[in-house]
2 protein chains.
Amino acid sequence: MLKRQFAQHECPLAQALGEIGDGWTLQIIREAIYGTTQFEAFRANTGASRGLLADRLAHLTAAAILRKTKGDSDGRETFYELTQKGRDLWPVMLSLMLWSDKHLQDKDIVSARSGKTGARVTDVVAIDKAGNIITPQDTVLQPGKDISPAFKARIKVASAP
Amino acid sequence: MLKRQFAQHECPLAQALGEIGDGWTLQIIREAIYGTTQFEAFRANTGASRGLLADRLAHLTAAAILRKTKGDSDGRETFYELTQKGRDLWPVMLSLMLWSDKHLQDKDIVSARSGKTGARVTDVVAIDKAGNIITPQDTVLQPGKDISPAFKARIKVASAP
DNA sequence: ATAGATACGTTTAGAATTTGAACTTAATGC
DNA sequence: GCATTAAGTTCAAATTCTAAACGTATCTAT
């Protein structure tokens, strides 16, 4: 089991990174989102070693990001499927994919599209409860009621780019 | 320098994870987005060791996610600031923050809001060129013209959750 | 029923990475 | 000059990862 712990911040982002921010863990979640469910397939598609993969799958299962089930037609098989918590990481993966398309790639490998209209996903935007778009330039980080003075001091100068 | 390389996929997501998917790298990008610019501040806020931090900052600079500049008032200082490519990772961090709020936290530590209206960011959504929202349930991954047969076979069953 | 193959692990030694402390170098302040 | 600060570098010890072998249960074919 990975013992390394990132500095325990109250920062929600630091906590999320502590839970899934490990490089291999993200690769595994990517594969799960692509539809991979079995140990050997995760291995083949990520290149992770057996020991590491077993460890990370156990961690993701304990964190309720994946759910482990036994195959009922073939008793040898174990399936790891995304829970709702896991599926909720889709926007993270989608934004990464769009970033990659914009900055890392010129080839047209794969695109996310609407199943209904076929229109390509070009962007990911923040919205408020009413559905209004909030641009990155207009975004600020606001301390909440449970924030510590120390962390408040750090984020008060920060605003989104 | 980190030698470990994730399986070299043509997959844009795998490439993005290869570039920034390392755990410490993501912590550093988080800090940069929070406004951290100096070596010692990155160290204090992430808990990374000096050697590792120097290595990762060099990598992020080489990847043009950070830009390294010298302080002109104080010649000892070095600043690492986000480039546009780096700032474009904001949606990734914001989605992670929202995921954390939904699944990892019950405390009200910090929220992203509109500077203009004060409205809280509640969600991140995919949109097409015309600005129509494409829900995760309606999203499919479509192979592009430069895809290899092998990768095409893998994603053809995949659809977003 | 026996033999071989498959799926999912565990174990282990060796390799690679990370830590933590000490050390450099260069610039600043007193 | 002398202490301090910022940003690294160096290196031995600790941790983590890999790769190959091994283990166990289940399935398939003979």
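Values below: all heavy atoms of this structure, side chains included; hydrogens, waters and symmetry mates excluded. Proteins get letters first, then strands, A, B, ... in listed order; numbering begins at 1 in each.
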Practice task
Could you please name the option among dT26(D), dG9(C), dT9(D) that lies closest to any side-chain atom of Arg50(B)?
Solution key: dT9(D)

Exercise for the section: Determine the minimum heavy-atom distance between Lys85(A) and Ala64(A), stating which atoms define it. Expected result: CB-O, 3.6 Å

Problem - Pairs meeting criterion side chain to side chain donor-acceptor pair (under 3.5 Å) with involvement of residues 124-134 of chain B, two or more places apart - result: Asp128(B)-Asn132(B)

Practice task
Find the distance Leu57(B):CG to dG8(D):P and express it as a whole number of Å.
Solution key: 7 Å

Exercise for the section: Describe the nucleic acid contact of Tyr80(A) in one word from base, sugar-phosphate, nothing, applying a heavy-atom distance below 4.0 Å. Expected result: sugar-phosphate

Handout entry: Distance in angstrom units between His59(A) NE2 and dT16(D) P, rounded
Key = 13 Å

Practice task
Looking only at side-chain atoms of Ser49(B), point me to the closest of dG20(C), dA5(C), dG8(D).
Solution key: dG20(C)

Practice task
Have a look at Lys68(A) and say if it touches a base, only the backbone sugar-phosphate, or nothing, with a 4.0 Å heavy-atom cut-off.
Solution key: sugar-phosphate

Problem - Nearest-nucleotide comparison on DNA chain D, the residue closer to the 5′ end among Asp72(A) and Ala48(A) - result: Ala48(A)

Exercise for the section: Indicate whether the side chain of Glu10(A) and that of Ser148(A) have a donor and an acceptor atom separated by less than 3.5 Å. Expected result: yes

Completion exercise
Of dT18(C), dA7(D), dA7(C), the nucleotide closest to the side chain of Gln38(A) is dA7(C)

Problem - Contact nearer the 5' end of DNA chain D, comparing Gly51(A) with Gly71(A) - result: Gly51(A)

Practice task
For Arg87(B) and Leu82(B), indicate whether the former's side chain and the latter's backbone hold a donor-acceptor pair under 3.5 Å.
Solution key: yes

Exercise for the section: Give Glu40(B) one of three labels, base, sugar-phosphate or nothing, depending on what nucleic acid heavy atoms sit under 4.0 Å from its own. Expected result: base

Fill in the blank from the handout: Looking only at dT26(D), dA6(D), dT18(D), the nucleotide nearest the Leu52(A) side chain is dT18(D)

Completion exercise
Side-chain contact check for Arg76(B): nearest option of dA27(C), dA7(C), dG8(D) is dA27(C)

